Enquirer: 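Take this structure, written in structure tokens, and hold onto it; I'll ask about it next.
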Amino acid sequence: MALRRAAPVVREPVTLPSVMSVAELAESLQTTGIEVIKELMKLGIMANLNQQVDYDTAARVATALGWETNEQPNDVARQAAADFESRRSEAETDPNAQARPPVVTIMGHVDHGKTKLLDAIRSANVAEVEAGGITQHIGAYQVETQGRKITFLDTPGHEAFTAMRARGAQATDVAVLVVAADDGVMPTTREAVAHIKSANVPMVVAVNKIDLASANPDRVKQQLSEIEVVPEEWGGDVPFVEVSARDKLGLDDLEEVILLVADVHELKANPHKPANGVVIEAKVDRTRGPVATVLVQSGTLNLRDVVVAGSTWGRIKAMFDDRGRRVRRAEPSFPVEILGLLEVPQAGDTFQVFEDEKIARQLVEERQAHRRAEALVGDRPVKLTDLYNQVQEGTTAELRVILKADVQGSLGAIQNALLRLNEDTDQGVRLSIQFAGTGAVTESDVSLASATRSIIIGFNVRPDVAAKRAADAAGVDIRFYNIIYNLIDEVKAAMTGLLAPVFQDVTDGYAEVRNTFRLPSGDVVAGLYVLDGKITRNSKARVLRSGTVVHEGGIRSLKRFKDDVREVAAGYECGLGLDGFNDLQVSDQIEFYHREEVARS
């Protein structure tokens with residue numbers, strides 16, 4: 001008698017909320033918590049029954065256990081995000097939209113006079129009575145010129161500007177790049193240009209310090225033209241204004257140009273709606289509690305409004321303008337300091353006004369649950385291997401690259417070779433270079449990579465300690481090469497769907513050379529101080545001089561006092577000899593690393 005085969009089990013798709021606990025997921029999938037935890041462990045997530053996971057993670061677990069899933073509709077958080085986007089985009093088509101003041105960020109090299117320029121603009125526009133009193137610093141202020149207003153954001157630099165963008169906030173309408181007429185374009189200036197261009201924000205160049213005898217504005221124009229910032233008088237699209245923050249020269253011209261750029265872009269918003277905007281900065285005040293400086297982008301913010309900012313909410317108890325005066329309302333492009341939030345939001349968080357306090361509270365609870373789930377899973381940044389996977393799945397991908405090299409000659413050659421890959425590959429993959437420069441990989445590079453979802457490629461350079469920590473925290477993929485052909489081949493392989501990485505370098509620690517000694521044998525040993533991580537006897541070593549790799553090789557000897565040791569931890573001193581290298585110098589940094597095999601994709 002033939003055995004009858006059991007009919008396959010037909011399961012209806014299971015509907016899951018945007019965030020749920022592991023126990024709730026197990027109940028929805030009609031299985032045990034242990035089974036769900038096992039599947040999460042396969043995804044690299046260690047969780048217990050009470051921890052929460054987001055929908056995407058839950059869907060992957062459900063698929064592994066044989067379930068199809070749908071996301072629960074009427075998600076308050078998604079609806080709020082959709083409302084925020086629709087309010088922002090309606091400004092262009094809204095018949096009730098009115099012209100609003102432009103919002104301006106000033107960026108540039110640290111010594112080129114950004115702060116002095118901001119102070120000069122502000123003092124030139126503040127009445128004498130007010131100028132003599134105490135001015136409250138709230139990170140943003142408005143000035144009035146020619147009967148019109150301009151809002152200036154007083155951000156610390158392009159890292160803060162990009163960090164806000166990484167959180168989804170685009171607060172700036174015009175970026176003013178300050179370049180000193182005597183110094184010209186510096187590495188930080190190039191970085192600021194890359195950040196402005198990646199944000200797709202119109203630029204105005206303020207050539208500062210024209211009062212100095214050594215000022216050379218034409219040299220500044222020439223240098224900026226070389227990095228594709230071409231002045232209008234040379235046939236480009238970037239206005240240049242010559243100013244002196246010290247002598248208060250050219251400030252009216254700069255404000256006039258900012259207003260002209262704003263007019264070209266027709267900045268509008270409807271002031272007759274509930275407000276939304278962005279948090280500029282926030283802190284806890286000992287006497288007033290959580291205090292946030294917000295910039296209204298559309299609508300009007302009123303006293304007693306219920307506001308949701310990021311993952312906190314509250315009813316506005318008081319509002320102050322940039323001069324510390326109490327105000328009852330704030331219209332588009334108006335910066336105000338608000339009191340009444342239950343917790344401190346993060347800079348770059350968006351805020352919205354809600355009529356229903358219950359919906360505001362529910363939205364904040366959902367966002368807090370999302371953030372807890374994201375902290376568990378982690379927001380996975382783009383990796384070079386992701387590109388391979390996307391190409392294998394047949395989806396179109398873009399590889400964004402930040403390129404750092406030791407010298408300008410190598411940088412130009414690599415740039416040209418990488419851009420030629422766009423012509424050579426026909427896989428629907430495009431490569432775009434977000435920023436290219438010489439010198440060590442810096443924290444600013446990591447910040448830009450995080451905001452633009454780029455990978456960093458270093459040629460004969462390494463990151464400094466701060467950049468390495470920032471990259472590890474943000475999960476930014478940094479690739480290092482010392483042979484151009486290997487660099488091009490690996491990127492091309494990723495773009496054509498052939499990448500199969502076999503090894504990767506894992507940094508063990510960093511140390512600094514504090515002293516050097518020559519032994520009777522002629523070998524040189526270095527006295528080191530371990531800055532970060534640890535040194536192990538089996539580590540490989542890279543000697544970095546001003547961020548450039550001057551040697552790579554093995555460790556010949558590692559000692560503490562007179563004893564050979566297997567490892568030395570951060571905060572301790574040791575003696576080190578390297579195989580085949582005696583040119584160690586005081587203040588060299590040494591990166592210690594080992595190579596790990598990576599499973600082929």
Side-chain angles (χ1 to χ4, degrees), residues 5-86 166-168 308 310-311 349-350 352 354 358-383 385-398 428 453 474-475 477 497 599 601:
R5 186 173 292 174
V9 177
V10 178
R11 288 171 166 168
E12 290 293 323
V14 62
T15 300
L16 301 174
S18 58
V19 179
M20 72 218 80
S21 69
V22 171
E24 289 167 343
L25 176 59
E27 187 179 339
S28 299
L29 301 180
Q30 300 172 20
T31 187
T32 63
I34 299 297
E35 288 300 315
V36 172
I37 289 170
K38 280 182 187 174
E39 292 300 328
L40 286 169
M41 288 173 70
K42 290 177 187 176
L43 298 174
I45 299 166
M46 305 300 292
N48 59 38
L49 289 173
N50 296 321
Q51 275 178 314
Q52 295 187 310
V53 293
D54 61 5
Y55 171 78
D56 292 336
T57 306
R60 290 167 74 185
V61 171
T63 303
L65 295 173
W67 290 85
E68 289 184 14
T69 62
N70 295 318
E71 188 163 8
Q72 201 169 59
N74 302 323
D75 179 351
V76 175
R78 288 179 190 273
Q79 187 59 47
D83 288 348
F84 182 82
E85 286 304 319
S86 66
R167 297 192 55 76
V308 172
S311 55
D349 278 343
T350 54
Q352 287 170 267
F354 287 83
K358 184 179 175 184
I359 291 177
R361 192 184 293 112
Q362 187 182 346
L363 172 59
V364 166
E365 286 170 0
E366 279 199 21
R367 284 186 178 172
Q368 288 173 344
H370 263 296
R371 286 199 176 173
R372 285 194 295 270
E374 282 173 7
L376 177 67
V377 179
D379 180 17
R380 192 160 168 269
V382 68
K383 306 280 185 187
T385 44
D386 292 346
L387 192 71
Y388 163 77
N389 295 331
Q390 290 173 14
V391 174
Q392 293 296 90
E393 292 165 9
T395 57
T396 303
E398 181 187 18
R453 294 184 59 78
D477 192 9
S601 296

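Computed from a prediction, not measured in an experiment: that's the story for all the values here.
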Enquirer: Taking side-chain hydrogen bond (donor to acceptor under 3.5 Å, both in side chains) as the definition, give me every residue that meets it alongside Ser28, ordered by chain and number, with sequence neighbours left out.
Expert: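 Result, side-chain hydrogen bond (donor to acceptor under 3.5 Å, both in side chains) vs Ser28: none returned.
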
Enquirer: Who pairs with Ala62 by side chain to side chain contact (heavy atoms under 4.5 Å, CB included), at least two apart in sequence or on another chain?
Expert: Leu29, Trp67, Thr69

Enquirer: List for me each residue that meets side chain to side chain contact (heavy atoms under 4.5 Å, CB included) alongside Glu39, sequence neighbours excluded, and say none if there are none.
Expert: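 Here the qualifying residues are Lys42, Val61, Ala64, Leu65.
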
Enquirer: Locate the shortest heavy-atom distance separating Leu16 from Ala58; write the atom from each residue and the value.
Expert: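 Heavy atoms of Leu16 and Ala58 come nearest at CD1-CB, 4.0 Å.
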
Enquirer: Provide the full list of salt bridge (charged side-chain N to carboxylate O under 4.0 Å, His left out) pairs with a residue in residues 23-35, sequence neighbours left out, each pair given once.
Expert: Glu35-Lys38

Enquirer: Any chance you could measure Leu40, atom CG, to Leu25, atom CG, to the nearest 0.5 Å?
Expert: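 Answer for the CG-CG pair, Leu40 versus Leu25, is 7.5 Å.
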
Enquirer: Could you give the distance from OG1 (Thr32) to CD1 (Ile37), rounded to the nearest 0.5 Å?
Expert: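 The CD1 atom of Ile37 is 8.5 Å from OG1 of Thr32, to the nearest 0.5 Å.
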
Enquirer: Which pair of heavy atoms, one from Ser311 and one from Val364, lies closest together, and at what distance?
Expert: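 Distance-wise, the nearest heavy atoms are O-CG1, 3.3 Å.
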
